[in-house]
Undergrad: 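Quick one: the structure is below, and I'll ask about it shortly.
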2 protein chains.
Amino acid sequence: MSIDVGAHLRAVRQMYGLSQRELAKRAGVTNGMISLIEQNRVSPSVSSLKKVLDGIPMSLSEFFTLDLAQAPQVFFGSDELTNLGSDDVSLRLVAARRPNRAMSILHECYAPGADTGEEMLTHKGEEGGVVVRGTMELTVGGSSRVLQPGEAYYFSSSVPHRFRNPGREECEIISASTPPTF
Amino acid sequence: MSIDVGAHLRAVRQMYGLSQRELAKRAGVTNGMISLIEQNRVSPSVSSLKKVLDGIPMSLSEFFTLDLAQAPQVFFGSDELTNLGSDDVSLRLVAARRPNRAMSILHECYAPGADTGEEMLTHKGEEGGVVVRGTMELTVGGSSRVLQPGEAYYFSSSVPHRFRNPGREECEIISASTPPTF
DNA sequence: AGAAATCGTTGATGATTTTAAACACGGAGG
DNA sequence: CCTCCGTGTTTAAAATCATCAACGATTTCT
């Protein structure tokens, strides 16, 4: 069970201070329809839902991505980052326990020679980051490059990729990925 | 005109190597319906579209957020980051020209005393980051804190916020925000 | 208090979607 | 050649959604 479209629409509408009739008028649909949708007595067609959201206005993407229940921690001490790494790779996640995050932000440390494993990684979403200290060899699809401090990367995570620290020094990077990998 | 649901579903389905019948079977709907949706001869109800996507599987949120047209630059030299800052605040953006990015990743440098301006910032989305060097005073809503190197933050950008470098040293942070601010 | 306005809900009808079953096309193998 | 799969597409009937108009409840103003 994922999203309750009816309750969600109601919450969004009220958050924008609109009545069913007011929204219906802006959207060019009937108020009754909005009532039925909000009670989950019908499941609107995508085109109808789009018309309704246009009246707010809000995109379908925003609607399905938006999460209301949020009143979360903002500041994180260095020791409040959640450590997810193994022996030679430290992955420290910001806001780990925040439900329905849009991103994973990580403070990563790779020991000399450390890597993300034999197999190339493939998953949904996008990721990017900046090298802060040391050097990082990144392979994405066919191409590969050793990034120096201050250099950066950004790619679609569905393309097979792999990280490796080729240097004798520890490598530190700050990265972000969306939707959240961790 | 936003998204072409039919074409989009077709692209997603093919990306996962599924036939209409195969997907229909997994989703518990008929193959004909998928055909009609993909030709935009009908606009599916949200519940139907959800059933179809469950067969992939993919969430409604992902479906409406995902963008296909992508074959972009992966690696960025330090000098290939796009500088957006003013005199005392340097904002260097990763993958600036990539269309339909899901995130903005920034390498930011604040001169001593520099800030994001008198007014509190408010916009859609979420943002987070890690302090790499120097100190950063961050105010979010009512609360405020001075973050040290290695410390981090994450919050909803719709809450009024402000950054200021209170130290005598330059402050360097890596940040990410979604949807992209820049 | 009473009238007027606004709210969300409901029932019958017309419009649209969804199903089930058949169709047409193309490639693989006997 | 020709049947057997596998595609995706199409059609009529069944199911669901969207509209229109009316309803009861609540608030606002006279």
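Protein chains get the first letters and strands the later ones, always in sequence-line order, with residue 1 at the start of each.
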Undergrad: Under 4.0 Å, heavy atoms only, any strand: does S35(B) hit a base, just the sugar-phosphate, or nothing?
TA: base
Undergrad: If you find the nucleotide of DNA chain D closest to E22(B) and the one closest to Q39(B), which residue's nucleotide is nearer the 5' end?
TA: E22(B)
Undergrad: Quickly work out the N31(A) CG to dC7(C) P distance and round it to whole Å.
TA: 10 Å
Undergrad: Indicate the ring-plane relationship of H8(B) and F63(B), choosing parallel, tilted or perpendicular according to the 30° and 60° boundaries.
TA: perpendicular
Undergrad: Give every pair of a protein N or O atom and an N or O atom of nucleotides 26-29 of chain D that lie under 3.5 Å apart, one pair per line with the distance.
TA:
none

Undergrad: Between V42(A) and I34(B), which residue's closest nucleotide on DNA chain D lies nearer the 5′ terminus?
TA: I34(B)
Undergrad: Indicate the atoms forming the closest heavy-atom contact of E137(B) with P166(B), along with that distance.
TA: N-CD, 3.6 Å
Undergrad: Any side-chain heavy atom of N165(A) within less than 4.5 Å of one from T135(A)?
TA: yes
Undergrad: Roughly how many Å is it from CD in Q20(A) to C1' in dA18(D), rounded to a whole number?
TA: 14 Å
Undergrad: Could you check how far CD1 of I37(A) sits from P of dT10(C), rounded to whole Å?
TA: 15 Å
Undergrad: Just the rounded figure in Å: distance from C1' of dT10(D) to CD of E38(B).
TA: 15 Å
Undergrad: What heavy-atom pair brings V89(B) and A114(B) nearest, and what distance separates the two atoms?
TA: CG2-CB, 3.8 Å
Undergrad: Does S45(A) reach a base, just sugar-phosphate, or nothing at all? Heavy atoms under 4.0 Å.
TA: sugar-phosphate
Undergrad: Could you check how far CE of M33(A) sits from P of dT16(C), rounded to whole Å?
TA: 13 Å
Undergrad: Do the non-hydrogen side-chain atoms of I34(B) and N31(B) ever get within less than 4.5 Å of each other?
TA: no
Undergrad: Is there a side-chain contact between R41(A) and the phosphate of dT10(C), meaning an N or O under 4.0 Å from OP1 or OP2?
TA: yes
Undergrad: Transitively linked via ILVMFWY side-chain contacts under 4.5 Å: L138(A) with V146(A)?
TA: no
